[in-house]
Amino acid sequence: MAAMFTCCLNCCGDGGSGHIPLKEMPTVQLDTHHMGTDVVIVKSGRRICGTGGCLANAPLHQNKSYFEFKIQSTGVWGIGVATQKVNLNQVPLGRDTNSLVLRHDGSVYHNNEERNRLPANSLPQEGDIVGITYDHVELNLYLNGKNMHCPASGIRGTVYPVVYVDDSAILDCQFSDFYHTLPHGFEKILFEQQIF
């Protein structure tokens, strides 16, 4: 009986050899393995500057995803979703079937076609927060927490958050700890969990 009790303590009770620590889930951030050659990523994968684009390190697998960008410095920029086939050295994005982006001028482009446009009095400025929802069909835009009712669609396949900058633009990404309340039914980007 004492031997069985000791075995139980060693395996379960005191973190002995039977304890297997859980692996932490990675943090969603900008992916330095999927960025343009003249892009600079700083602030632990949250800030982009330089020239070119960068994908986030997590695809949008769940049904309804939300993420934000803060415009730290204006210039030429774009934010949205893209596949891994997008050319991150060629800005602006939205010229082909591999990206769907809001550009700094308020236009939303996919496949070199304007799919929608923000209202003229709602162009994002320095310090503004642009939120993006994506539900595998439609991308929607929020400016400082307000729905802009500016849907766009058309991109197909596995997509990732994407951001590009040029002409001194600097943008910060928020993939959690958001500035604004998430729209109803949407959640932060989740890594696909694998059991084994």
Undergrad: Would you confirm whether N144, through its side chain, and I129, through its main-chain N or O, come within 3.5 Å as a donor-acceptor pair?
TA: yes
Undergrad: Does V130 belong to the same Ile/Leu/Val/Met/Phe/Trp/Tyr cluster as V81, with side-chain heavy atoms less than 4.5 Å apart forming each link?
TA: yes
Undergrad: Would you say CG of N112 has more than 12 non-hydrogen atoms from neighbouring residues, nucleotides or ligands within 6.0 angstrom?
TA: yes
Undergrad: What are the two closest non-hydrogen atoms of F191 and V28, and how far apart are they?
TA: CE1-CG2, 3.5 Å
Undergrad: Would you say the side chain of Y134 lies within less than 4.5 Å of the side chain of V159, judging by non-hydrogen atoms?
TA: yes
Undergrad: What's the spacing between S122 OG and R117 CZ if we round to 0.5 Å?
TA: 12.0 Å
Undergrad: Measure across P161 and I189 and return the closest heavy-atom pair with its distance rounded to 0.1 Å.
TA: CG-CD1, 3.5 Å
Undergrad: CG of L88 to CG of D38: how many Å apart, nearest 0.5 Å?
TA: 12.0 Å
Undergrad: Can you tell me how far the CZ atom of R103 sits from the CG atom of L123, to the nearest 0.5 Å?
TA: 14.0 Å
Undergrad: Assigning hydrophobic clusters by single linkage (Ile, Leu, Val, Met, Phe, Trp, Tyr; side-chain heavy-atom cutoff under 4.5 Å), is F178 placed with L30?
TA: no
Undergrad: Quick check for you: to the nearest 0.5 Å, what is the distance between T83 atom OG1 and R156 atom CZ?
TA: 13.0 Å
Undergrad: Rounded at 0.5 Å granularity, tell me how far CD in Q125 sits from OG1 in T74.
TA: 7.5 Å
Undergrad: Any heavy-atom pair between the side chains of T97 and I155 that's under 4.5 Å?
TA: no
Undergrad: Main chain of S107, side chain of R115: is a donor-acceptor contact present, judged purely on distance under 3.5 Å?
TA: no
Undergrad: Show me, pair by pair, the donor-acceptor contacts under 3.5 angstrom made by side chains of residues 40-52, not counting sequence neighbours?
TA:
{"residue": "R46", "atom": "NE", "partner": "C173", "partner atom": "O", "Å": "3.2"}
{"residue": "R46", "atom": "NE", "partner": "Q174", "partner atom": "OE1", "Å": "3.3"}
{"residue": "R46", "atom": "NH2", "partner": "Q174", "partner atom": "OE1", "Å": "2.3"}
{"residue": "R47", "atom": "NE", "partner": "D172", "partner atom": "OD1", "Å": "2.6"}
{"residue": "R47", "atom": "NH2", "partner": "D172", "partner atom": "OD2", "Å": "3.0"}
{"residue": "T51", "atom": "OG1", "partner": "D166", "partner atom": "OD1", "Å": "3.1"}

Undergrad: If every non-hydrogen atom of P124 is compared with every non-hydrogen atom of L118, which pair is closest and at what distance?
TA: CD-CD1, 3.7 Å
Undergrad: Using side-chain heavy atoms (C-beta onward) and a distance below 4.5 Å, is H180 in contact with Y142?
TA: no
Undergrad: With a 3.5 Å cut-off and sequence neighbours excluded, list the donor-acceptor pairs that the side chains of residues 54-66 form with protein atoms.
TA:
{"residue": "N57", "atom": "OD1", "partner": "Q29", "partner atom": "N", "Å": "2.9"}
{"residue": "N57", "atom": "ND2", "partner": "T27", "partner atom": "O", "Å": "3.0"}
{"residue": "Q62", "atom": "OE1", "partner": "L190", "partner atom": "N", "Å": "3.2"}
{"residue": "Q62", "atom": "NE2", "partner": "K188", "partner atom": "O", "Å": "2.5"}
{"residue": "Y66", "atom": "OH", "partner": "E68", "partner atom": "OE2", "Å": "2.7"}

Undergrad: I71 versus W77: any side-chain heavy-atom pair under 4.5 Å?
TA: yes
Undergrad: May I ask you to test the L171-V165 pair for a side-chain heavy-atom distance under 4.5 Å?
TA: yes
Undergrad: Would Q90 and Y164 count as a side-chain contact (heavy atoms from CB on, under 4.5 Å) if you check the C-alpha gap in whole Å, the side-chain angles of each, and the deciding distance to 0.1 Å?
TA: CA-CA 9 Å; Q90 186 178 49; Y164 71 82; over 6 Å; no
Undergrad: Cluster question for you: counting only ILVMFWY and a side-chain heavy-atom cut-off of under 4.5 Å, with indirect links fine, are I79 and V39 together?
TA: yes
Undergrad: Does any non-hydrogen side-chain atom of E126 lie less than 4.5 Å from one of Q72?
TA: no
Undergrad: Identify whether F67 and I170 are in the same connected component of the hydrophobic contact network (ILVMFWY, side-chain heavy atoms under 4.5 Å).
TA: no
Undergrad: Can you tell me if H110 uses its side chain to pair, donor with acceptor, with the backbone of S99 under 3.5 Å?
TA: yes
Undergrad: Applying ring pair (Phe, Tyr, Trp, His ring centres under 6.0 Å), name anything that partners Y109, two or more places apart in sequence or on another chain.
TA: none
Undergrad: What's the shortest heavy-atom distance between L139 and L141, and which atoms?
TA: CD2-CD2, 3.8 Å
Undergrad: Pick out which of L143, I132, N116, V108 makes a side-chain contact (heavy atoms from CB on, under 4.5 Å) with L102.
TA: V108
